[in-house]
Amino acid sequence: MNVLDILITYHVAFLQGLRVTLELCAVIWTSGIILGVLLGVAGAHDPTGWGRFTRGGSFFFSAIPTLVVLFWLHYPAQAVLNVVIDPFYTASLTFSLVNIFGVGEMVRQAVVDFPKQYIIAGQVCGLSHRDLVTKIQLPILFRQLLPGMMVQQVMMLHMTLFASLISVEEIFRVSQRINSMIYRPVEIYTALAFFFLLVCLPINVAAAYLKKRYTRDMSER
Amino acid sequence: MLEARNINFSYGDRQILKNVSLSVPTGGITTLIGPSGTGKTTLLRCLALLEKPQGGEIRVDDDAFNYPWPEEKPFNPPWPKLTTVFQQLFLWPHLTLRENILLPVRRRKSGDINAELESLVEAFDMQNFIDNYPNEASLGQRQRIALARALMLEPRYILLDEITSALDVEQIAKILAHLKAMRGKDIGIFIITHLLGFARHAADQVLFMAEGEIAERGGPDILRNPQTERLGQFLSMIAAAS
């Protein structure tokens, strides 16, 4: 059985696994980007309240391995609370928190470190607050944050593989199950790599387009 | 008239400006000279209403700003009627030089601003780089753009901080000629400069600043016949250095 045979024979299982992975990503990316940006902006404007919360959360989730948090929320937390939660939700919550605090800290730092002189130059030129934000601050921040944000989202996609360890039927778990039946690790994991390339390709194309459209080398020449 | 009365400004325990008073009339050029580190840029930032001094008053025509400014009181400086070109220029890096000039002016003016820009482009010899980005332009080119950005706004008072430091003699001559011509438009020009020649030939008022105070003031003739020992020393040092 070659890779193509495996893809054809098990396409239903692979597509179901891919669907779960993409659903997981949709939750993680949406919550991470929307809530992360809001958290970052709040953190920049309120350094002692939201700022500390963002920095603390970011430190927590970068210091403790995601797998540990995932297992902690899946096993002991549910045992202590005496509840049984669908592992998909547990994985979604864990990865979303990691993404929200990762994006939040990235945004907070970018807003705090934003060169104030560009704002001052706009103020003395009579630009309104709205223009300062929409024409100066947001475009510069967007260009600064875009590459890091894209990398973070691809990392989150890769992180969804951990969900297989708490029985989420995502694509890695599906691949493992097929492998346990036919034992063709090289072909199966090649097929898995193919799926990841398939998902990452549009992200990379979008990243390349956005980079070309919005970012440029702003260093002095 | 742009006026400062008894301005006191400190960073922590260090007093930068000590009871500084001056006036910048419209239709004239006021130059501020003095050694480095004596508070010239801080004074300009106070006049530009970018710093809030601990004491004194800044008046921009009928708008009075009395310090110390109460924290709860709204602060609404009359920008860009009063505008500033900084030594560091602060051009927006994501916009071309043309867009840097047009962004603020589009919000304030209707009519053919492009024609107005083109005449300024020609006057400042900017045709070859106007569509570049700031990081693709030399410091001298950026200085001309920053000045053009301010001039397009038709301010009543323009404050310039060492804006000719990276220009060659020919470019300095062009810009200074333009500044001199602006006097006729009833604009008040305040310029920090090390170009004593410019102060001598174009300024209506010369202020010499030393140790946070205006140590001497008068017409350009004070640069030939200084009345204070401190200005005399400064001029001698400049003459020796050149």
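By convention in this document, chain letters (A, B, ...) are assigned in the order of the sequence lines, proteins followed by strands, and residues within each chain are numbered from 1.
- Residue B:Leu159 does not touch chain A at all, counting heavy-atom pairs closer than 4.5 Å.
- Other residues, nucleotides and ligands contribute more than 12 heavy atoms inside 6.0 Å of the CD atom of B:Gln127.
- In this structure, B:His194 places its NE2 atom where more than 12 heavy-atom neighbours from other residues, nucleotides or ligands lie under 6.0 Å away.
- When heavy atoms are compared at a cutoff of 4.5 Å, B:Arg45 approaches chain A solely by way of its side chain, counted from C-beta outward.
- Both the backbone and the side chain of B:Leu103 come within contact range of chain A, judged by heavy atoms closer than 4.5 Å.
- Annotation for B:Trp92: atom CH2 counts as buried by contact number, over 12 foreign heavy atoms lying within 6.0 Å.
- Within a 6.0 Å sphere centred on CH2 of B:Trp69, heavy atoms belonging to other residues, nucleotides or ligands number more than 12.
- Of residues 27-40 of chain A, no residue lies under 4.5 Å from chain B by any heavy-atom pair.
- With a 4.5 Å cut-off on non-hydrogen atoms, B:Leu49 does not touch chain A at all.
- Contacts with chain B (heavy atom to heavy atom, under 4.5 Å) involve these residues of residues 103-137 of chain A, listed by number: A:Gln117, A:Tyr118, A:Ile120, A:Ala121, A:Gly122, A:Gln123, A:Val124, A:Cys125, A:Gly126, A:Leu127, A:Asp131, A:Lys135, A:Ile136.
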